[in-house]
Amino acid sequence: MTEGVTTPQGSTTSTDDLEAVLGALGTDPGRGLAPDVAARRLAEEGPNELRGAPPVPRWRAFLGQFQDPLIYLLLAAVVVATAAWWLEGRRGLPVDALVITVVLLLNALLGYSQEARAERAVAALQRLTEVRATVLRDGRALQVPAREVVRGDVLILAEGDSVAADARVVEAHALRVAEAALTGESTAVSKAPGSLPAGLPLGDRTDTVFKGTAVTQGTGRAVVVGTAMDTEMGRIAALLESTVREPTPLEREITFVGRFLGLAVVVIAAVVMATVWLVSGVSTAEDAVAVLLLGVSLAVAAVPEGLPAVLSVVLSIGVQQMARRDAIVKTLSSVETLGSASVICSDKTGTLTSNEMTVQEVLTASGRAHVSGVGYRPVGQVHLGAGEELPEEQRAEGVVLLSGGALSSNSELREENGEWSVLGDPTEAAFLVAERKMGLTERRERRFSRVGEAPFTSERKRMSTVQIDHEHDDQPVLVTKGAPDVVLERCTSYRVGMRTLPLDDDVRARVLQDVERLSGQALRTIGVAYRPLVDAAGTPVLDAAYLEGAVPAEVAEGLEDDLTWVGTVGMIDPAREEAGAAVREAHRAGVRVVMITGDHPATALRIAQDLGIAGPRSRAVSGVELDRLDEAGLREVVTEADVYARVAPEHKLRIVDALQSHGHVVAMTGDGVNDAPALKSADIGIAMGITGTEVTKEAGSMILRDDDFSTIVAAIRQGRVIFDNIKKFLRYLLSSNMGEVLTVFLGVLLAPVIGLDVASGGGVVLPLLATQILWINLVTDSGPALALGVDPETDDVMARPPRRPGERVIDGRMWVGVLAVGAMMAAVTLLTIDVFLPGGLVAGEDDLTVARTAGFTTLVLAQLFNVLNSRSQTSSAFRRIFTNRWLWASIALGVLLQVAVVHLPLLQRAFGTAALDLRHWTVCVVLASGVLWFDELVKVVERRLDRRRARAGAEAGGRG
Ligand code: ATP
């Protein structure tokens, strides 16, 4: 076999004979590829990834920063300023034009670097959520990232796997694959090796598995014939070519606000320009240029240019923080959704509990026995209580029960340096530990060998193995363990000591009662039963061929009838340490917690009560009940029920839909392949990182790396904090811009009142220069806004109800605040100018340049004071004022830059400023701080109003 044989394009079709395909790919289905061959192919053929649109080159991304109508306005301003300089006789340098150009470049650079940073963060997250595949390399099964799968690799497929590439099936055991993603067909398709004729539609190609589909059942092996874009999925992706990130709802709202502001400002600018033109009378070319620049300044003043970049940086910092706390969010928009989650539907086992099972009770026909010892360390005894030995009969029953459980187990118990651990399902491992405590392991292992298995699924709630009993004429026997109610239904006799008696209704009822009692003590109950697979004459009822060691799963499943009941074990699965506190926190935050589990209703209810999920009078709704309910009935039930037990994955989907129909924002956890539809349907699908299958991880919008319920609550908390912070910097940026607009607008309108007209001798005067406004936006925009974006949480994040979905981020109340603070900023700025100019309300004696510099400085300082205001809509700026060091750093930097622009000759020339003395600075600081005091006052009123509203609400509630 030679390496490097290329198969023709379209190798994913079924036209080739299987043997021929294997030969061409140079692979051996029994051993897979050699690692070096795989590495070489990966290097030659590239990673197994669907290619979206090609990445945007850096220079294009940089130029993209200029693609904004507002920037076009500024570019027009450059032209206007250059024209003015030309008209005025080309004296010196065209300072205005140069300054605007430099500012534009800086702004673009800043925007570009922030966007690049956000993108890097998202890419890093994507690597964390990478899908993995199991492949055979040199005869050994290895887990590799799906992107490293190459042609010729042998995929090992198991339930819950996501198929990594198009591959020809070479081995299949009851292998079924859901291909809805590709064909739209919802029922799973059986796959088997073969060489089907050419031209079959996708859905009929049962000899091939396709990239992006999901294994729903069974196991198998398949040889990869096509990767990346050379797959059926790739063909669709090539048609769509859309891996562009969708803007989040929040980003859409911000874009809308930006557009709205842009439009508003064009109107305002036109009105102001017209007014100035008419009122002041434009006589010279210089005046005309000034008016044009005024329009441009207004436009620049009104729009927070840096907003989109700040937003994506803050979101991406947020998701990085979440990832550090084991909650990996796959899309930025999930952060917003998390903040408004109103119901968490959580699995029990492993999420609310620790999934460390220990058998504690052994219940058989002769009575109840206790097992001592905790954890996986097989040290302890089975006794009647107080160390009393078991009677003969009861011991015999216990032996069958625990060995039976151990026989139908796929787990492994391991000891390393005295530490015991398990590999596989903890429920099964618990049997191995208990059996070892009774000293039964060696004998059981000698006596039986396994020839078949009907696997456990969440729907079946049981599993069976077929064993050959070497101490009993090599007779085959079926051993079943599972949910006691489910197994008992399939029993016709029961075991007492060494005898088998018929199972009548009385015994059945007694067993169920006992199970109920164990479950009521929060124990997980598992029943065990068996069936000798021989007829009355002792001849095996199984095909001889099967007994060689390969009873197919379907055959084993068909034998799960007419069983002999042995008994039940009760296992403890302690609640996770932090789960109770997390439930309380969720409740405080107005988030309902609902438990959805496959476990026994009594067990589920008891644990739910212990954790505070359910009240003392709650009851558990069972899957059987759900089946009887129609959609309307279910809608009613979900308003009350906090615990669902003995449910199957398809119930989860119905529960999500019913909750959503009440307007709830639902977070739903899941691990098995059949949970995927519910995860997709939920507002936030949460896949388990440890126990979750690849398919659920793909379907979920968030992955819980530690499977821990409290991480969900922490993520909701984080989502809320991020959302709060976004509000903070929006409040800050918008009020700052409002301040600038009003300063320019009112300054021109009120020129005679504040003495601006005197200073100019009647011509057009601007309270601020366009370049100064640009400076303000550059100094005040990004730094403090970013610092607000990482502000620490406030005390009440988890003490208020979730945000209603669709609620505006910038609501009426925020707009009023923005307008009020903006008006105050304009007032103090214009007052400063008035104070220093001759004439006006207060008569000063400085010239226009100095007065304008002072006004400019007051506005900058007022915005820096406003950073403190913006941290909350209602609580005082002085509360926890020193908790954010970034905030203070950005304020300090702002002050430093302002000192520089006022006092450095180079910057003075560029920004039309003049040096201020101590008196000027003092007046600026004092007047600027007015914004802080003013907002403190507003907040006192806000708090009063809030209290009054709350009281009115409570009274109305009390009456109702
Ligand atoms: P969750 O809370 O995540 O739904 P669960 O383990 O309680 O977890 P399932 O895994 O669906 O839910 O299990 C349902 C029932 O099946 C359990 O209550 C138990 O009685 C039984 N069971 C669980 N695991 C096994 C197993 N490995 N073999 C046999 N029966 C099992």
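Because the structure is a prediction, the values reported are computed rather than measured. Atoms within a ligand are numbered from 1 in the order they appear, just like the ligands themselves.
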- Closest to atom 19 (C) of ligand 1 among protein heavy atoms sits Ile526 CD1, 3.5 Å
- Task: Measure the distances from the heavy atoms of Arg646 to every atom of ligand 1 and state whether one is below 4.0 angstrom.
- Result: yes
- Residues passing the side-chain contact (heavy atoms from CB on, under 4.5 Å) test with His472, sequence neighbours excluded, are Asp469, Gln475
- Indicate the atoms forming the closest heavy-atom contact of Lys437 with Thr358, along with that distance. NZ-CG2, 4.2 Å
- For atom 30 (N) of ligand 1, what is the nearest protein heavy atom, given as residue, atom name and distance? Gly482 CA, 3.3 Å
- Find all atoms of ligand 1 within a distance of less than 4.0 Å from any non-hydrogen atom belonging to Ala483, and give their numbers and elements. 20 (O), 21 (C)
- Task: Heavy-atom distances under 4.0 Å are what count here, so tell me which part of Thr525 touches ligand 1: side chain, backbone, both or neither.
- Result: backbone
- Note on the structure: In this structure, atom 5 (P) of ligand 1 is nearest to the protein heavy atom Thr349 OG1, 3.3 Å
- Message: Does any part of the side chain of Met702, heavy atoms only, come nearer than 4.5 Å to the side chain of Leu704, both counted from C-beta?
- Response: yes
- Message: Within this structure, what is the CH2-CG distance for the pair Trp420 and Leu432, rounded to the nearest 0.5 Å?
- Response: 10.5 Å
- Part of Thr597 with heavy atoms under 4.0 Å of ligand 1, whether side chain, backbone, both or neither: both
- Task: May I ask you to decide if Val624's main-chain N or O and Arg646's side chain share a donor-acceptor pair within less than 3.5 Å?
- Result: no
- Message: Please state which option from Ala645, Gly598, Ser458 has its nearest heavy atom closest to atom 14 (C) of ligand 1.
- Response: Gly598
- Message: Quick test: of every protein heavy atom, which one is nearest to atom 3 (O) of ligand 1, and how far off is it to 0.1 Å?
- Response: Asp347 CB, 3.4 Å
- Polar proximity ligand 1 side, Asp671 side, N/O cut 3.5 Å exclusive: no
- Message: Within the structure provided, determine whether Arg654 and Glu631 are in side-chain contact (heavy-atom separation under 4.5 Å).
- Response: yes
- Query: If we only count heavy atoms from C-beta on, is the Gln360 to Val371 side-chain gap below 4.5 Å?
  - Reply: no
- Task: Give the single entry among Phe431, Tyr644, Phe456 that approaches atom 25 (C) of ligand 1 most closely by any heavy atom.
- Result: Phe456
- Note on the structure: among protein heavy atoms, the one nearest atom 18 (O) of ligand 1 is Asp599 OD1, 2.8 Å
- Note on the structure: Value for CD (Glu698) from CG (Leu679), rounded to nearest 0.5 Å, stands at 12.0 Å
- What do you reckon, does Thr427 have a nitrogen or oxygen under 3.5 Å from a nitrogen or oxygen of ligand 1? no
- Task: Using heavy-atom distances, let me know which of Met463, Arg524, Lys348 sits nearest atom 23 (C) of ligand 1.
- Result: Arg524
- Message: Give me the residue, atom name and distance of the protein heavy atom closest to atom 27 (N) of ligand 1.
- Response: Glu428 OE2, 2.7 Å
- Item | From NZ (Lys697) to NZ (Lys330), nearest 0.5 Å | 10.0 Å
- Item | Protein heavy atom at shortest distance from atom 28 (N) of ligand 1 | Lys481 NZ, 2.8 Å
- Message: The criterion is side-chain contact (heavy atoms from CB on, under 4.5 Å); which residues satisfy it with Glu356, sequence neighbours excluded?
- Response: Ser354, Tyr376
